[in-house]
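Heavy atoms only: backbone and side chains are in, while hydrogens, waters and symmetry mates are out. Just follow the structure's listing: the first ligand is 1, and inside any ligand the first atom is 1. Here, residue 1 is the first one in the sequence, and each next residue gets the next number.
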Amino acid sequence: MRSTGTLTAGVSETPQIWDPAETLAREELQSLQLERLRATVGRVLTAQPLGAERLRQAGIESEADVRELADLTRVPFALKSDLRENYPFGLLAVPREEIVRVHASSGTHGQPTVVGYTRADLETWTELMARCMTMAGVRPGMLIHNANGYGLFTGGLGFHQGGERIGATVVPVSGGMTARQAMLLRDFGAQVLVSTPSYALVIAQALADAGVDPAGTPLELGLFGGEPWTDGLRTQIDRALGIKAINFYGLSEMCGPGVATECLTAREGLHVNEDHFVIEVIDPQTEQPVAPGATGELVFTTLTKEALPLIRYRTGDLGAITTEPCTCGRTTARLIRLGGRKDDMMIIRGVNLYPSHVEQLLLSVEGVAPHWRLVLERTGPMDELTLECEPAQSDVDRDELANRLEHVLKEGTGVRIVVSLLDPGGVPRSEGKAVRVVDRRGS
Ligand code: DLL
């Protein structure tokens, strides 16, 4: 079954539901999860030795040993290091010959995290992307400019498949050659832009440089994700492009994008596709579940993956969930306060600091452009943190702006952060995930 209601091009805020599973009563959803969890456990026990060992440690020797969803919480966690140690194909639960696609995490340091998909996995992922993109307001016939990188990064092909499945027109521009992006956006009349949030701002600048006012184009929706971004950045993107920006969350280890997405109707929290992924939120230190609604580390269990089933995978990402009903009618849990990764946290002179907090404070200050990065250095006995950013206009009193910003940062974080105001364009731009922290302490 497909969406109900009229399917015409043009953003409509009337909720459109791609798959009836999105509106299942919670008890029905949980029994579907249990059934799928048993099947996943069966697959892991027979075909993935590391996963099987962990299940046995929890006393799970067969599918029948999973009596309720809560049995999951006895199983030791799966970690990113499992994938690294079994690089590239050691965790696959099917022969390599059954893999029809390989992707990898776009992490800049260390070995890439390699993932594989069977034909059925690709089909499931495509359906999930069609579901999420419908939730975000994409309709058949819309023109989608996909500026996510095509390649090992799941952001390019993931949105490509979902857009085609919906029956939209997908333009596979990929990342880079930003001036050309602006020309194609204008000439083709894209209604939907897909990219990372940081690259969306770069494209907005390229449009401005080409003298194109987005208000005069059909652009109305932005599907963004792949990196942390604050509400402040969303406001800036909404304004710069005259669109509604929708947050997409996902990770290669689960499928890529398609794990959780905001609905256009409410834009309040990201609906988790719980019929395919069980979500838990744990305290990263004690590894115990946090109180309902509290922030912690997100842990996922795949329910439908063939090639790479993962049980209780610790993502390193921080967020919270709510099961409060959403105005769009979906019954799935929503991810709220999705922030950075726990390993993005810096400890500066004893104070814990997250880059996303810096972004939030930066964007609260009038006259600053939304481009920034933090540089960590050690010149003396202490770590020094510098925020490199740019004024929104070049004819400003830089000293006054830098002082104002330093004050806001000190008040907001409790640490002294030196502000270095560069010329407009001085902060390096990214064509994919932005590098927000540069650590020069070792160099
Ligand atoms: O970034 C998948 C993706 C592509 C999601 C495009 C959405 C849009 P990886 O390259 O494996 O996969 O990186 C996954 O990126 O664990 C988070 O730390 C971060 N991340 C992804 N989306 C968000 C988001 C893709 N909306 C890692 N907010 C994840 C915050 C995000 N962080």
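- On a distance-only criterion, Phe248 and ligand 1 share at least one N/O pair closer than 3.5 Å.
- Within the listing of ligand 1, atoms 16 (O), 18 (O) sit less than 4.0 angstrom from a heavy atom of Arg341.
- Taking every non-hydrogen atom of Ser252 and a distance limit under 4.0 Å, the qualifying atoms of ligand 1 come out as 9 (P), 10 (O), 11 (O), 12 (O).
- Arg43 contributes a side-chain N or O that, together with a main-chain N or O of Lys305, makes up a donor-acceptor pair within less than 3.5 Å.
- Side-chain contact check for Thr295 and Arg337: at least one donor-acceptor pair (N or O, by modelled atom type) lies under 3.5 Å.
- Residue contacts with ligand 1 for Phe224 are absent, since no atom lies close enough (heavy atoms, distance under 4.0 Å).
- Contacts of Thr196 with ligand 1, taken as heavy-atom pairs under 4.0 Å, are absent altogether.
- Of the heavy atoms in Lys433, only side-chain atoms (C-beta onward) come closer than 4.0 Å to ligand 1.
- On a distance-only criterion, Gly339 and ligand 1 share no N/O pair closer than 3.5 Å.
- Looking at His271, its side chain never comes within 3.5 Å of a backbone N or O of Thr331 through a donor-acceptor pair.
- For the atom pair CG (Leu185) and NE2 (His145), the distance works out to 4.0 Å, reported to the nearest 0.5 Å.
- When the heavy atoms of Gly158, Gly432, Gly156, Pro257 are ranked by distance to atom 3 (C) of ligand 1, first place goes to Pro257.
- With respect to the salt-bridge test (charged N to carboxylate O, under 4.0 angstrom), the residues Asp19 and Arg131 qualify.
- The side-chain contact (heavy atoms from CB on, under 4.5 Å) test applied to Asp209 returns Gln205, not counting sequence neighbours.
- At a threshold of 4.0 Å, the pair Glu297-Arg314 counts as salt-bridged, since one of the basic side-chain nitrogens sits closer than that to a carboxylate oxygen.
- Close approach of ligand 1 to Asp317 is summarised as follows: ligand atoms under 4.0 Å from at least one heavy atom of the residue are 16 (O), 17 (C), 18 (O), 29 (C).
- For the pair Asn148 and ligand 1, the shortest N or O to N or O distance does not fall below 3.5 Å.
- Comparing Pro228, Ser356, Gly225, Gly226 by heavy-atom distance to atom 20 (N) of ligand 1, the nearest is Gly226.
- Residue-level proximity to ligand 1 for Thr113 is absent, since no heavy atom of it falls below 4.0 angstrom.
- Between the side chains of Thr332 and Glu22, no donor-acceptor pair of N or O atoms lies under 3.5 Å.
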